[in-house]
K.L.:
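Please see the structure below; I have some questions.
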4 protein chains.
Amino acid sequence: MHDIPQPRKAPRQNRSCHAVAAILEAAARILASDGYAAFNTNRVAELAGVGIGSLYQYFPNKQALVAALHRRHGEETLAALDAALAASDGRPPREQLAAMVAAALDLHRRELGLHRVLEREWPAFDEPPASNPQDAALSQRVAAWLQACGLEAGRAEVLLRMADSLVHGLLLDAGTPPAGLEQLITDALAGFLGLPAQPHP
Amino acid sequence: MHDIPQPRKAPRQNRSCHAVAAILEAAARILASDGYAAFNTNRVAELAGVGIGSLYQYFPNKQALVAALHRRHGEETLAALDAALAASDGRPPREQLAAMVAAALDLHRRELGLHRVLEREWPAFDEPPASNPQDAALSQRVAAWLQACGLEAGRAEVLLRMADSLVHGLLLDAGTPPAGLEQLITDALAGFLGLPAQPHP
Amino acid sequence: MHDIPQPRKAPRQNRSCHAVAAILEAAARILASDGYAAFNTNRVAELAGVGIGSLYQYFPNKQALVAALHRRHGEETLAALDAALAASDGRPPREQLAAMVAAALDLHRRELGLHRVLEREWPAFDEPPASNPQDAALSQRVAAWLQACGLEAGRAEVLLRMADSLVHGLLLDAGTPPAGLEQLITDALAGFLGLPAQPHP
Amino acid sequence: MHDIPQPRKAPRQNRSCHAVAAILEAAARILASDGYAAFNTNRVAELAGVGIGSLYQYFPNKQALVAALHRRHGEETLAALDAALAASDGRPPREQLAAMVAAALDLHRRELGLHRVLEREWPAFDEPPASNPQDAALSQRVAAWLQACGLEAGRAEVLLRMADSLVHGLLLDAGTPPAGLEQLITDALAGFLGLPAQPHP
DNA sequence: CATGAATGAGAATTCATTCAT
DNA sequence: TATGAATGAATTCTCATTCAT
C-alpha cells in the first residue's frame, strides 16, 4: 500500500552524521520512555538538539524515523545471532539453540522499552516489513544452522517467528519475567524442532 | 497511573442497546480494516450511524471504546477455551492441548485484522495490567487442566502467554501463515510442557 | 440586544412548584461551589433530581435559570433593606446607614460563593439587567430614606451602586475580609453623602 | 489548584513580535465587544490574521491569553498611578487623591468593554490570588503615599480595593455613568480615609 | 406532563510538515 | 545547509436543546 520510507539521503559530512545519530538516539529515548503516543517529530528534534527542519533533511517523514530504528534493531539482532553461533560452534544443537535464545534475550533486556514499542506499535497502515534484508539474512543463518544440525531447513522462518514471539511475549509483556526464561523458551523451541529432551539439572 | 476506562452507563432501552452495539461494531470494523491510526471517534460514530454525542453517552472516551472491544475479545477467548476443553474431555492431554490451540486459532482467524490491532497496537501507556479478571479466569481454567493432567499447575500463566505469543506471532504477523499451524504450535507447547512426543502421522 | 429571558410558565401545581424550587436550589448550589464554568443544564437537572426535559419546561434556556437566581437575590436584598430600615427607624441617619450596610453584608456572607458568581459572571452578551423591578424598588426605598434624612434624594441610585460595589469588592474578593467591614463601608458611604464624621469608639 | 498561566515563549524575531501583538490586540477586541462567552481561540487567531497554531506557539492555552491581557492592564494601572502621583506632587492629599481617581477613570474609560470583562468575567475558578506582583506594587505605592500624608499606611490595600470597586461599579456597570464621577468617588474615599471635607465649589 | 436518549455545532488543542530567512 | 516560526487539517470531547416515548 504505502512504500516503506527510506532515509532521505546518506549523510556524508561529519556534522550531518552527528545530527543523524543524535536524532536516532533521541527518537529511541522517547519511544522507550514514553511510547509511540508521545513520539512526535518536534520533540525528537528538540531532544536531539537540532532544528525540526534538519530532522526533515535526513528523514522524509515520521515513519522513516521509526523505520530507521527498526533497521538498527534488525542489525543488532543479526550481529547477536552471529556472535552466539560463533561462540557455540561445535556444541550440540540444543546448546547452540540455548545460546541463541540467551543472546536474543540479552539484546531485548538491554532496551526493554524501546523494543516493546518497536515490536508492538508499528503503525498498522504501513505494511509490516515482512521482507526486509535483515530478516532474509536472519533466515539464511538459521536455515544454514538447521541444515548443519541435520534438521529441516525449511522451518527456519517459522522458528524465527516463534522465537521472536516468545521473547517478546514473555519478556516484554510480563511485569515480572519468570525466572529461567532462557530455559522455557529453549524447551518450547526444541519441542517444536523435535530435538531430544534434555533433563533439567 | 491511568485507570482502566469503563463504559459510561449501561443502556436500558432498546434503541440504546442497538446504538451501543452499532458503535462497537463500527469500532471493530475500522480497527480491523485501517488500524488504530485511522481510528477516531467521529469516524466510528459516523459509520455506526449515530451522532458523535451519542457515542460519548456510552463511552466516556476513546480508550473506553477500545477497552470494551478488548473485553469482548477476552470473553470470546474464555468461551472458546471452555468449549474446547468440554469437547475434548477425557482425551489424552496432547489432544486436549491441540483442541485448545485449534480453538484459539479459529477465533483469531475469524477477525484477523481486529485482533492484530487489539493485541499489538493497544497503546502501551495504558495497557491494562495482566491481572484483569478475564486473564485470571483464563489462568484458572488452564491451571485446573494442568493439574488434572498431572502437570505442574504453576506453569499455567506462562503457558498462556506462550500460546498467545505463538498464535499472534505466527498467525497475525506472517503475511501467509504457514500451513499446519495447529501442529506447529501444539508441538512447541507440548515441548515446553514436557509432554511425550507424538509421531506426526 | 437580547431580551432578558423569563421563566416559561408559572407553575400552578404542587409537583411543578417543587420541581422549580429543586432546580433553582441545584443551580444555586452548583454556581456557588463550582462557578459558572461548571454550570450546565444537564448537571443542574441531575442534581435537582428531575429530567433535563422538565428543566426546559420551566426555563426556556440556560440564561433564564441564572436570571431567576438573580431575581431571587434581588428580592432578598429588598427584604433585608426593608427590615434594616424598619429596625433602625427613628435612629440618626448614620446609624441607619450602618444598619443597612450590616444587613447587606449579612446577606452576602450567607451565600458567598453564589453571590460572587451572580454578581461577577453575568454573561456579557446579555445586557446587564439595569432596570429590573427590584432595582427600581430598591432605589425608591433609598430615595425615600434620603429625603427623610434631609439629604439629596437624587443620589439614591449612585449610593446603591456604591454600596453594592463596596460590599462585593471588599467582601467577595478579599480572601480574608478585613475586620470592621461594616465600619469601613459605612465611613465611605457617609463620606460620600457628607454625613458628619462619627468618632470611632 | 491551577497555576497561573504564563506565555509559552518570548518572541525574538520581528515577525513573531508582531504576531504576539496582533493576537493580544485581537483578543482584547473580541473580549471588549462580545465578552468572554464569545471569546474563543479560533476567532482570536482569525481576527489576528495568524494561524491557530501560531497562537498556541505563544500562549499555552486560552487562559494564558486572558492572563496576558490582565497583566497588561495591571501594568497600565501602575503606570497611570505613578504618573498621577508625580504630576500632583506637593499638592494637598485630597487633590492627590482626586488626581489618582481621575487617572484610574481615564484608564478605564479608554477601554470600557475590555476592562469590564477583564475585571468581572475572569472565570472564578482560576482567578489569580490577590497577591500577584502588580497588586503588591500598587499597594506599595499607595502605602507610601498614605504615610507621606500622615495617614495610616495599613489601609492601602483596602483603599485600593475600594477604589477599584467604585470605579468598576460606577463606571463599568451603569449604563449611563453619573456625571461628576471623579468627585463622587473621591468624596467616598476621602470619607473613608477621614480626610477633611472639601466644600464643593 | 415527565423523561432522557439523541444530537451536532462548536471549542480547545496537537503535530506533521513547509518554507522564508 | 540549518533553522524554527507558521500553518491548518484533524481530533477529542462538551453541552444546550429537542422530541419521541
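Here is the naming used below: chain letters follow the sequence lines, and residue numbers restart at 1 for every chain. The analysis underlying the following values was restricted to heavy atoms, covering all of them including side chains, and did not include hydrogens, waters or symmetry mates.
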K.L.:
Just so I know, are the side chains of A/Phe39 and A/Val66 near enough to count as touching, which here means a heavy-atom distance under 4.5 Å?
P.N.:
yes
K.L.:
To the nearest angstrom, how far is B/Tyr56 atom OH from F/dC13 atom P?
P.N.:
4 Å
K.L.:
Check whether any side-chain heavy atom of B/Val20 sits under 4.5 Å from a side-chain heavy atom of B/Phe59, and report yes or no.
P.N.:
yes
K.L.:
According to side chain to side chain contact (heavy atoms under 4.5 Å, CB included), who are the partners of A/Ala28, at least two apart in sequence or on a separate chain?
P.N.:
A/Leu69, A/Arg72, A/Leu114
K.L.:
Specify the separation, in whole Å, of atom CZ of D/Phe59 and atom P of F/dA5.
P.N.:
14 Å
K.L.:
May I have the distance from C/Leu55 (atom CG) to F/dC19 (atom C1'), rounded to whole angstrom?
P.N.:
16 Å
K.L.:
Under a cut-off of 3.5 Å for both distances of each Watson-Crick or G-U pair, what dot-bracket string does DNA chain E give, using [ ] for crossing pairs and | for inter-strand pairs?
P.N.:
.||||||||||||||||||||
K.L.:
Which of these nucleotides, E/dA11, E/dG8, F/dT18, is closest to any side-chain atom of B/Ile52?
P.N.:
E/dG8
K.L.:
Which pairs, with at least one residue in residues 52-70 of chain C and sequence neighbours excluded, count as a salt bridge (Lys or Arg N to Asp or Glu O under 4.0 Å)?
P.N.:
none
K.L.:
Ignoring backbone atoms, establish whether D/Thr41 has a side-chain N or O less than 4.0 Å from OP1 or OP2 of E/dA12.
P.N.:
yes
K.L.:
Who are the side-chain hydrogen bond (donor to acceptor under 3.5 Å, both in side chains) partners of D/Glu25, not counting sequence neighbours?
P.N.:
D/Arg29
K.L.:
Could you tell me the separation between the CZ atom of D/Phe39 and the P atom of E/dG10, rounded to a whole number of Å?
P.N.:
18 Å
K.L.:
With A/Arg43, which residues qualify under side chain to side chain contact (heavy atoms under 4.5 Å, CB included), at least two apart?
P.N.:
A/Ile30, A/Asp34, A/Ala38, A/Asn40
K.L.:
I need the NZ-P distance between C/Lys62 and F/dC15, as an integer number of Å.
P.N.:
8 Å
K.L.:
Whole angstrom is fine here: how far is it from CD in B/Gln63 over to C1' in F/dC13?
P.N.:
14 Å
K.L.:
Tell me, please, which residues at least two apart from D/Glu46 pass side chain to side chain contact (heavy atoms under 4.5 Å, CB included).
P.N.:
none
K.L.:
Figure out the CG/P separation between A/Asn40 and F/dT7, and round it to whole Å.
P.N.:
20 Å
K.L.:
Is it the case that the base of F/dA16 and the side chain of C/Asn42 share a donor-acceptor contact (distance under 3.5 Å, atom types as modelled)?
P.N.:
yes
K.L.:
Name every residue in residues 43-51 of chain B that has at least one heavy atom under 4.0 Å from any atom of DNA chain E, in order of residue number, or write none if there are no such residues.
P.N.:
B/Val50, B/Gly51
K.L.:
Do D/Gln57 and F/dA6 share a donor-acceptor pair, side chain to base, under 3.5 Å?
P.N.:
yes
K.L.:
Name all residues meeting the side-chain hydrogen bond (donor to acceptor under 3.5 Å, both in side chains) criterion together with B/Glu75; count only those two or more places apart in sequence or in a different chain, and write none if there are none.
P.N.:
none
K.L.:
With respect to the phosphate group of F/dA5, does any side-chain polar atom (N or O) of D/Ser54 fall under 4.0 Å of OP1 or OP2?
P.N.:
no
K.L.:
Among all residues two or more places apart in sequence or in another chain, which pass the side chain to side chain contact (heavy atoms under 4.5 Å, CB included) test with D/Ser54?
P.N.:
D/Val50
K.L.:
May I ask you to verify if any side-chain N or O of B/Tyr58 is less than 4.0 angstrom from the OP1 or OP2 atom of E/dA5?
P.N.:
no
K.L.:
Could you state the atom-to-atom distance from CD1 of B/Ile30 to C1' of F/dT11 in whole Å?
P.N.:
14 Å
